[in-house]
Number of protein chains: 2
Amino acid sequence: MDQKIKSKETQNLIINNAFELFYKHGYNKTSIPEIIKGTGLSKGAFYHHFNSKKNIGEKVIDLTVRKRVYERMVVPLKNPDDAPVIPLLCDVFIKRIEGYSDLEKDLGCPANNLINEIGYSENSFRKMLRGIIDNWQLVMINLLEQGKIKGEIRKNIDTSATAIFLISAFEGVRGIRKVYDDDKILDEYLIAVKNYIEQLA
Amino acid sequence: MDQKIKSKETQNLIINNAFELFYKHGYNKTSIPEIIKGTGLSKGAFYHHFNSKKNIGEKVIDLTVRKRVYERMVVPLKNPDDAPVIPLLCDVFIKRIEGYSDLEKDLGCPANNLINEIGYSENSFRKMLRGIIDNWQLVMINLLEQGKIKGEIRKNIDTSATAIFLISAFEGVRGIRKVYDDDKILDEYLIAVKNYIEQLA
DNA sequence: AAAAAAACATTCTTATCAGTATGTTTTTGT
DNA sequence: ACAAAAACATACTGATAAGAATGTTTTTTT
């Protein structure tokens, strides 16, 4: 029984290391020798726990990338205690970005990076990344529909269109920010998205 | 003198081939042997005209990617004959997307793909890609300010923020579309961006 | 027409990759 | 305590990469 725990710990060690490298250098630029280098493990260990590079790619997306988006962007919008909708949207699409570290600004969004780098190449990756976006959009639609009922969101708002628009702008600006050295672009996005969200009421 | 033309033609042949491969498989996944394969040329020819992979990357960005964005997204917004602003924005951010081929939908935007894949890794790439976005944003700011004067755009609109917001949403949705098999996501974006643009008036 | 240079082709080098085969050590069930 | 299996390590294979070196052909200059 102790062995199962150790195995999971080793896998997580490798997965976490792989995630960091995928995030910093991209999936294609990251090699398996590089992934294990930071862990103190050997190639034999890696291939004992994962059967290919594609396999660890899937694990990273499922266990780390998906989890990150879920915790940061989906959970805050689930709104179990029925809070006002507009401030919730501001939390996720404005405050979230304001709280990023310089590194997170420089490197962009892990999910969006993978979508753009390998989103079209590998079908298993596509499906998982699509699931992440679908889930995000769904919780936003629910929130906005909820807002309509409560009279906080205009009745003529197309909720699924609004959701995709907000997600697109968010991911788009996080990508574009990568080629800039300062926060000018993010600040401009913040002004515009604030106006957009408020105009939903 | 004939030789100079031939040289340029060969370079363009290689550059065009490289662009297609970068677009389809990404910069890092594309090898120089692959690039020359489609041209009938040899590796010696390649390294006679370009001194490294980074070098052809720069040429592709400068001569093809920049030109594409300029012709498709910047020129239509330059508005020399003083046309109404809102329809012009619709042309670029709505009609443009509606006219894409299936392949263009699947593969996303070449500029945005490169921004996301190598935007942070190589400084010379960063600078050039940044220049493309800067130029795009600038022409939009001019157009919107022009629209304010003509009374077609609300006076309290932040033009640089609006420009980045539109660009971000456009590039964002083109990225996200890559993990989908149908146009649902694009259609939703189109509804939302139409409302957004019209609300600028 | 001969010399020089540009445009290519061929071959080679060195490095690194993903993945495999075959070990050794540690843990676990009996 | 011992056999089996899991968790690792080491060494290897074959493919492919970027780029350099060195060749040959074509074009240009004189």
Side-chain angles (χ1 to χ4, degrees), chain A residues 1-61 63 114 117-118 121-125, chain B residues 1-61 63 114 117-118 121-125:
Chain A
M1 262 315 103
D2 196 34
Q3 204 172 38
K4 281 245 168 139
I5 295 166
K6 189 76 203 300
S7 172
K8 271 276 167 253
E9 268 174 7
T10 303
Q11 286 180 49
N12 286 336
L13 183 69
I14 296 172
I15 287 169
N16 290 338
N17 225 268
F19 168 78
E20 291 296 333
L21 290 167
F22 292 166
Y23 187 27
K24 276 184 194 157
H25 309 128
Y27 175 80
N28 287 319
K29 263 281 173 187
T30 301
S31 69
I32 281 140
E34 243 183 310
I35 291 172
I36 54 174
K37 210 190 295 172
T39 65
L41 293 161
S42 69
K43 214 170 192 181
F46 177 90
Y47 278 97
H48 175 73
H49 291 288
F50 307 95
N51 48 54
S52 66
K53 189 180 175 183
K54 185 186 157 195
N55 182 229
I56 193 165
E58 291 166 353
K59 290 277 171 64
V60 165
I61 292 174
L63 298 179
L114 289 171
E117 187 191 356
I118 55 174
S121 60
E122 191 66 58
N123 225 292
S124 65
F125 293 151
Chain B
M1 258 323 96
D2 197 34
Q3 205 173 36
K4 280 244 169 139
I5 295 165
K6 190 78 204 298
S7 173
K8 272 275 167 256
E9 268 174 7
T10 303
Q11 285 180 49
N12 286 337
L13 183 68
I14 296 172
I15 287 169
N16 290 339
N17 226 269
F19 168 78
E20 290 297 333
L21 290 167
F22 291 166
Y23 188 27
K24 275 183 196 157
H25 309 129
Y27 175 80
N28 287 319
K29 264 279 173 187
T30 301
S31 70
I32 282 140
E34 244 182 310
I35 290 172
I36 55 173
K37 210 188 295 172
T39 64
L41 293 161
S42 70
K43 215 171 191 180
F46 177 89
Y47 277 99
H48 176 72
H49 291 288
F50 307 94
N51 48 54
S52 66
K53 189 180 175 183
K54 185 187 156 192
N55 182 230
I56 194 167
E58 290 165 355
K59 290 276 170 62
V60 165
I61 292 174
L63 299 179
L114 289 171
E117 187 191 356
I118 55 175
S121 61
E122 192 65 58
N123 226 292
S124 66
F125 293 151

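Numbered from 1 within each chain, the chains take letters A, B, ... in sequence-line order.
Remark: B/E34 engages no residue in a salt bridge (Lys or Arg N to Asp or Glu O under 4.0 Å) (not counting sequence neighbours). For A/F22, the ring-ring contact (aromatic ring centres under 6.0 Å, His included) criterion is met by A/Y27, not counting sequence neighbours. Partners of B/K54 under the salt bridge (Lys or Arg N to Asp or Glu O under 4.0 Å) rule, at least two apart in sequence or in another chain, are B/E122.
Remark: C1' of D/dC8 and NZ of A/K8 are 17 Å apart, rounded to the nearest angstrom. To the nearest angstrom, C1' of D/dA6 lies 15 Å from CG of A/L41. The CD-C1' distance, from A/E9 to C/dT27, rounds to 15 Å in whole Å. Nucleotide C/dG19 holds its P atom 13 Å from the CD1 atom of A/I36, rounded to whole Å. A/D2 has its CG atom 15 Å from the C1' atom of D/dA5, to the nearest Å. Computed from coordinates, the B/H49 NE2 to C/dC8 C1' distance equals 7 Å when rounded to whole Å. To the nearest angstrom, P of C/dA6 lies 16 Å from CD1 of B/I5.
Distances shorter than 4.0 Å separate none of the side-chain N or O atoms of B/K4 from OP1 or OP2 on C/dA7. The side chain of B/S7 places an N or O atom within less than 4.0 Å of a non-bridging phosphate oxygen (OP1 or OP2) of C/dA7. For C/dC8, the OP1/OP2 oxygens have a side-chain nitrogen or oxygen of B/K6 closer than 4.0 Å. OP1 or OP2 of C/dC8 has at least one side-chain nitrogen or oxygen of B/T10 nearer than 4.0 Å. A close approach under 4.0 Å does not occur between any side-chain nitrogen or oxygen of A/H48 and OP1 or OP2 of D/dC8.
The shortest distance between side-chain heavy atoms of B/T39 and B/I35 does not fall below 4.5 Å. Between A/N16 and A/E20, the closest side-chain pair of non-hydrogen atoms is not below 4.5 Å. Within the 4.5 Å cutoff, the side chain of B/Q11 has heavy atoms near those of the B/S7 side chain. You'll find the side chain of A/I15 reaches within 4.5 Å of the side chain of A/F50, heavy atoms only. Contact annotation: the side chain of B/I61 approaches that of B/F125 to within less than 4.5 Å [non-hydrogen atoms, C-beta and beyond].
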- Could you run down nucleotides 13-21 of chain D 5' to 3' and tag each one B, S or - for protein heavy-atom contact under 4.0 Å? ----SBB--
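Listed by first then second residue, pairs satisfying side-chain hydrogen bond (donor to acceptor under 3.5 Å, both in side chains) with a partner in residues 42-53 of chain A number zero, not counting sequence neighbours.
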- Could you spell out the base pairing of DNA chain C in dot-bracket, with Watson-Crick or G-U pairs whose two distances are under 3.5 Å, [ ] crossing and | to another strand? ||||||||||||||||||||||||||||||
